[in-house]
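Note sheet for the following structure.
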Amino acid sequence: MTAFADLFKRLSNWGRWGDDDEAGTLNLIDAAAVQRGVACVRSGQRLTLGMPLDDQGPQMGFIKGRINPLRTMIAINEPWNDDVVTMGLQAATHWDALAHMSYDGTLYNGFPSDTVTAHGASRCGIDKAPAVVTRGVLLDVARVHGVDRLQPGAVVSADELDAAADLASVAIEPGDVVLVRTGQIQLFHQGDKMGYPFPSPGLGLGAAEWMYSHDVAAVATDNLTLEAVPCEIETPFIPVHILHLVAMGLLQGQNWDLEALAAACAADGRYTFLLDATPQPFTGGLGSPVNPVVIR
C-alpha cells in the first residue's frame, strides 16, 4: 500500500454514520454545535464572505467550462424586469460537493464513481448537504506569521493550525466549521487574476489529518484551490481534495473572502461566531455558490 493510500484509509469516515450516509462530517453539526455558535453572538455585527457574482470573478479558463457568472436580461419594464444567469457552480465563493472528487473508482462512503453521470450526481451531490449553521472559527495563519499574505506555494501545516488556534484562544470542537486565512485573496482584490490561482498557499496533508482529529464539520479557505499549489505530492492529483471529500466526507470551500472578518477578529480578539453557509440545493450538483453570513 502506498503512503497516500494508507493515509486515505486512516482518515476514512466510511460507514461512520451508516452505509447510506451522504452528508459526511456535516453530521457533526448537532444542536450543541448550533447553540455554541449562537452563544458567540454579542454585538450583532454581520459580515458576508462571498465574492461578487459577476463576469469579473476568479475563473480564468484553467478548468474547461467553469465560467464566471454571465447575467442576461430577459425582460425590461414589461412591466416586470427579469434576468437569467449562466455560471459554474464553483465559479466564485462556493462549496465543493462530496461527489466533486473520486478516488480509485469511488466517492465518499464507497459509492461507485459511476453514480456521477451526464445528469449529475445521484449520490453525494450538494443537494444531500443539510443546513450548515454552526459555530465558525477563523484560524488566521497569515497573522500567526505576522504577514498580510503567506508566501506563494506555502503549505499550511497542522502545527500552524494549532498556532492559529492558540492565537485565537479557542479550542476546536466537533461540529465547528473552520475558516483558514492565508491572505491569498488580496491578489484578486489587487487585480492580479493570474497570480491569484498559482502558485498559492494552502492546506497540506498534515492539515487534513488535523481536520480529521478535531472532527471539523467543514473547512474553507481564501484561495482558489483550498490546498497548496503546487501540491505536496504529484500523485494523486490534488490529494487534499481526495482526503477531504472522498475519505473523510468533509465539505470544503474556496474563494471565501476573509479579509473583513480577519480585521474584525483582530480588533476585538473574538475569533468565533455564528456561521450560516448553507449551500443552494442544486439537485445532483457537484458544488454550490454560497454567500456565507457571519454574525458576531
Side-chain angles (χ1 to χ4, degrees), residues 23 25-54 57-58 69 92-95 126 129-144 146 148-149 161-186 188-189 211 214-223 226 250-281 287-296:
T25 52
L26 294 181
N27 284 291
L28 294 163
I29 300 177
D30 57 11
V34 177
Q35 291 164 0
R36 198 165 59 244
V38 171
C40 296
V41 178
R42 299 183 188 177
S43 67
Q45 180 187 25
R46 293 159 294 165
L47 299 168
T48 58
L49 312 181
M51 283 183 164
L53 289 170
D54 58 33
T93 305
H94 67 273
W95 288 117
I126 200 65
V132 182
V133 181
T134 187
R135 187 175 78 155
V137 180
L138 176 68
L139 296 185
D140 193 340
V141 178
R143 188 163 184 261
V144 165
D148 290 333
R149 178 170 58 88
L161 296 176
D162 282 335
D166 288 343
L167 180 148
S169 299
V170 63
I172 305 300
E173 298 188 53
D176 287 344
V177 170
V178 169
L179 312 182
V180 181
R181 178 176 175 265
T182 69
Q184 182 72 0
I185 204 167
Q186 293 179 17
F188 178 81
H189 290 318
M211 299 293 166
H214 286 81
D215 265 343
V216 170
V219 60
T221 58
D222 59 349
N223 63 6
L226 186 125
L250 177 73
L251 205 67
Q252 65 172 39
Q254 292 93 35
N255 298 321
W256 289 43
D257 192 341
L258 304 178
E259 293 303 290
L261 175 61
C265 293
D268 62 17
R270 295 191 292 115
Y271 285 78
T272 60
F273 37 85
L274 178 64
L275 175 70
D276 182 352
T278 302
Q280 300 298 311
S288 170
V290 63
N291 186 24
V293 176
V294 163
I295 307 175
R296 307 177 71 247

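All residue numbers refer to positions in the sequence shown, counting from 1.
I29 places a side-chain heavy atom less than 4.5 Å from the side chain of V34. Residues W256 and L261 form no side-chain contact, since every pair of their non-hydrogen atoms from C-beta on lies 4.5 Å or further apart. Annotation: side chain of L179 is in contact with side chain of L49 (closest heavy-atom distance under 4.5 Å). Between I185 and M51, the closest side-chain pair of non-hydrogen atoms falls below 4.5 Å.
Nearest heavy-atom pair, L274 versus C40, reported as atom, atom and distance to 0.1 Å: N-CB, 4.3 Å. When all heavy atoms of P174 and A33 are compared, the closest pair comes out as O-CB, 4.2 Å. When all heavy atoms of I126 and G287 are compared, the closest pair comes out as CG2-O, 3.5 Å. Closest non-hydrogen pair, T93 versus P292, comes out as CG2-CD, 3.9 Å. Looking at every heavy atom in both residues, V177 comes nearest to T134 through CG2-CG2, 3.5 Å. Shown here for N255 and P58, the closest heavy-atom pair between the two residues is ND2-CG, 3.9 Å.
A distance-only check finds a donor-acceptor pair linking the side chain of D222 to the backbone of G183 [under 3.5 Å]. Looking at Q186, its side chain never comes within 3.5 Å of a backbone N or O of R149 through a donor-acceptor pair. A donor-acceptor pair under 3.5 Å is absent between the side-chain atoms of N291 and the main chain of V293, judged by distance alone. A donor-acceptor pair under 3.5 Å is formed between the side chain of T278 and the backbone N or O of V132.
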Candidate pair T182 and V141, rule side chain to side chain contact (heavy atoms under 4.5 Å, CB included), full reasoning: CA-CA 6 Å; T182 69; V141 178; 5.8 Å; no
R135/Q35 under side chain to side chain contact (heavy atoms under 4.5 Å, CB included): CA gap, chis, key distance, verdict: CA-CA 8 Å; R135 187 175 78 155; Q35 291 164 0; over 6 Å; no
Test side chain to side chain contact (heavy atoms under 4.5 Å, CB included) applied to V294 and L138, step by step: CA-CA 11 Å; V294 163; L138 176 68; over 6 Å; no
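Distance check: D140 CG to R181 CZ gives 4.5 Å after rounding to the nearest 0.5 Å. Atom OG1 of T221 and atom CG of L139 lie 12.0 Å apart (nearest 0.5 Å). Between the OG1 atom of T48 and the CG atom of D276 there is a distance of 12.0 Å, given to the nearest 0.5 Å. With rounding to the nearest 0.5 angstrom, the CE atom of M211 is 7.5 Å from the CG atom of L250. If you take CG on D30 and CZ on R36, they are separated by 7.0 Å, rounding to the nearest 0.5 Å.
Here salt bridge (Lys or Arg N to Asp or Glu O under 4.0 Å) pairs that include residues 263-275, with residues two or more places apart or in two chains, are D268-R270, D268-R296.
Defined by atom type and a distance below 3.5 Å, a donor-acceptor pair is missing between the side-chain atoms of H214 and D176.
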